[in-house]
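First up is the structure itself, then whatever we jot down about it.
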There are 2 protein chains.
Amino acid sequence: MSETTRALRSDAERTVRTILEAAERVLSRNPAASMEQIAEAAGVARTTVHRRFASREALVGAMAAWATRQFAAAVEAAHPDNTPPLVALYQVTANVLRVKLDWGFAMSRALSADPEVARVHADVEERCRRLFHRAREVGVLRADVDPEWARRVYYALIHEAAESRDGDADAMATRLVDTLLRGVGTGRGLG
Amino acid sequence: MSETTRALRSDAERTVRTILEAAERVLSRNPAASMEQIAEAAGVARTTVHRRFASREALVGAMAAWATRQFAAAVEAAHPDNTPPLVALYQVTANVLRVKLDWGFAMSRALSADPEVARVHADVEERCRRLFHRAREVGVLRADVDPEWARRVYYALIHEAAESRDGDADAMATRLVDTLLRGVGTGRGLG
DNA sequence: TCAATTTGCATCATAACTGTTGCAAGTCTA
DNA sequence: TAGACTTGCAACAGTTATGATGCAAATTGA
C-alpha cells in the first residue's frame with residue numbers, strides 16, 4: 001500500500017470513528033434516532049454516513065463489532081483465568097465498566113446480528129462462568145446459589161452501575177463487587 | 001346510562017383490553033413493531049386499533065397507564081408502610097413480579113409520557129425509599145450502603161428476575177430478596 | 001325485527017426515513 | 001502544481017408507517 005493511500009485511508013478511518021462515536025452518543029439516548037440525527041451529531045453530511053456504512057444495520061453492526069473488540073480486550077486484560085477469582089472479579093468489573101460507560105448502546109446490541117460478535121460474547125460469557133466456578137471452588141461464592149443466577153445478577157449489576165455513572169470505574173467496581181458478594185443486608189434477619 | 005349502551009360499551013372495552021394485551025405481547029418482543037403487527041396479534045383490523053387509540057403514542061400511553069395502575073395496586077396490596085420491613089420486602093417483590101411478568105414493556109415505558117403515570121411511579125419510588133429507610137433502622141439493611149444504590153440494585157434485580165422467568169413469582173421473590181440482602185458470596189474473602 | 005354500534009375492508013393522503021447518484025469544492029500527498 | 005480521494009449539497013426514487021374515511025356486514029340488546 002502506497003504512502004498516499006495509507007494517509008487517505010487514515011482520513012477515512014478517522015471519519016468512521018467519528019461517526020461510530022456520534023452514533024453511540026445519539027442512539028444511547030434514542031435508539032430510534034434517524035441517520036440524519038447521527039450524521040448531524042458527527043458533524044458530517046448524511047450522505048457521508050451512507051457512503052461509509054451501506055445501511056443502518058451495517059452501522060449498528062460496526063458499532064457492535066467495535067464495542068465487542070473493546071469488551072473482549074477489557075476482559076482479556078484482567079487475565080480472569082490466571083489470577084485469584086476475587087482479584088479477577090475486581091479487575092474484570094472495572095475494565096468492563098470502562099468500556100460500557102462509553103459503548104453502552106453498542107454493547108446492548110451485541111447479542112444479535114454478526115455471528116463473529118455473538119461468538120466473542122459467548123466466549124466472554126463462558127469465561128465468566130469459569131471464573132464463577134473457580135470462585136465457588138475456593139469458597140468465595142456460596143455453593144447454594146445457582147451459578148446461572150449469580151452470573152445474571154452480576155451482569156445486571158454491571159448494567160445498573162454503568163447506568164448510574166456514580167463515581168469512576170474503580171469506585172463503581174469496588175461497590176459493585178461488594179454488593180454482589182455481601183448484598184445490602186446485615187444478615188440480622190428481622191432486626 | 002342505558003343497558004344497551006352499557007352492553008355495547010362492554011364490547012368496546014373488551015376490544016380495548018384485547019388490543020392492550022396483544023400490544024404488550026408484540027412490543028415486548030419487538031419495541032419497533034408496527035400497528036399492523038399489533039392489530040394482527042389482537043385479531044382485529046388495523047383501522048380498529050386506530051379507532052380506539054388516536055395514535056401509536058396514545059396506545060403506548062394507555063398501556064403504561066394500565067400497567068401503572070396494576071403496579072400501584074400490587075405495591076399497595078403489600079401494605080409496605082405497615083408491616084415489618086422484611087415481610088413487606090417479600091410481599092412487594094412477589095406482587096410486583098407478578099405484574100412485571102405480564103406487563104414488562106408497558107412498565108418500561110412508564111417513566112416518560114403521561115404526568116399522572118409519572119406521579120404514580122414517583123409515589124411508588126418514594127414508598128420504596130421509606131421501606132428501605134425503615135429496613136435500615138431496624139437493622140435489616142446495612143447502614144454503610146448508599147440507600148439510593150440499594151434501591152437501584154433492588155430495581156435491577158426485579159428487572160433481571162422478571163427477564164429470567166425462572167420459577168413462579170414467589171420462588172423468584174424468595175431468591176431475589178435473599179440475593180439482595182446476602183449477596184452471592186460467602187464472606188470468606190479470598191477463600 | 002329494529003336500531004345503535006362496532007367491525008372489517010378497501011382506499012387514500014401524508015410524512016418520514018432510507019439509500020443512491022452527479023457534481024463542484026476541498027484536502028492532502030507526491 | 002497535478003492527481004487521487006473525500007466531502008457536502010441537492011435531488012431523486014422507493015419503501016414503509018401512520019392516520020383518516022366511506023360503506024357494507026355483523027353483532028347485540030330492546
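Convention: sequence-line order gives letters A, B, ...; per-chain numbering from 1. Everything quoted here is computed from the prediction, not taken from an experiment.
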Q: Salt-bridge test for A:D178 and B:R142: reply yes if a basic N is under 4.0 Å from a carboxylate O, no otherwise.
A: yes
Q: For B:T83 and B:P80, indicate whether the former's side chain and the latter's backbone hold a donor-acceptor pair under 3.5 Å.
A: no
Q: Please state how far atom CD in B:E57 lies from atom P in D:dA17, giving the value in whole angstrom units.
A: 19 Å
Q) Closer than 4.0 Å, any side-chain N/O of A:T15 to the OP1 or OP2 of D:dT7? A) yes
Q. Rounded to whole angstroms, how far apart are CZ on A:R14 and P on D:dC5?
A. 17 Å
Q) Whole Å only: how far is the CD1 atom of B:I19 from the P atom of C:dG8? A) 9 Å
Q | Under 3.5 Å side-chain donor-acceptor pair for B:S164 and A:W149 | A | no
Q. Taking CD from B:Q37 and C1' from D:dT16, how many angstroms apart are they, rounded to a whole number?
A. 12 Å
Q: Using the six-membered ring wherever Trp is involved, compare the ring planes of B:F132 and B:Y154 and label them parallel, tilted or perpendicular (cut-offs 30° and 60°).
A: tilted
Q) Which pair of non-hydrogen atoms, one from B:K100 and one from B:A162, has the smallest distance, and what is that distance? A) CG-CB, 3.7 Å
Q. Relative to the 5' end of DNA chain C, which residue comes earlier, B:R52 or A:E36, by the nucleotide with the nearest heavy atom?
A. B:R52
Q) Reckon B:T48 has a side-chain N or O less than 4.0 Å from the OP1 or OP2 of C:dG8? A) yes
(Q) Please report the distance, rounded to the nearest Å, between CE in B:M35 and C1' in C:dA16. (A) 16 Å
Could you run down the sub-3.5 Å N/O contacts of the protein with nucleotides 20-26 of chain C?
from, atom 1, to, atom 2, distance (Å)
C:dG22, O6, A:R51, NH2, 3.1

(Q) Between C1' on C:dA16 and CZ on B:R56, what's the gap in Å once rounded to a whole number? (A) 14 Å
Q: Verify, without hydrogens or angle tests, whether B:T48 (side chain) and B:V44 (backbone) share a donor-acceptor contact under 3.5 angstrom.
A: no
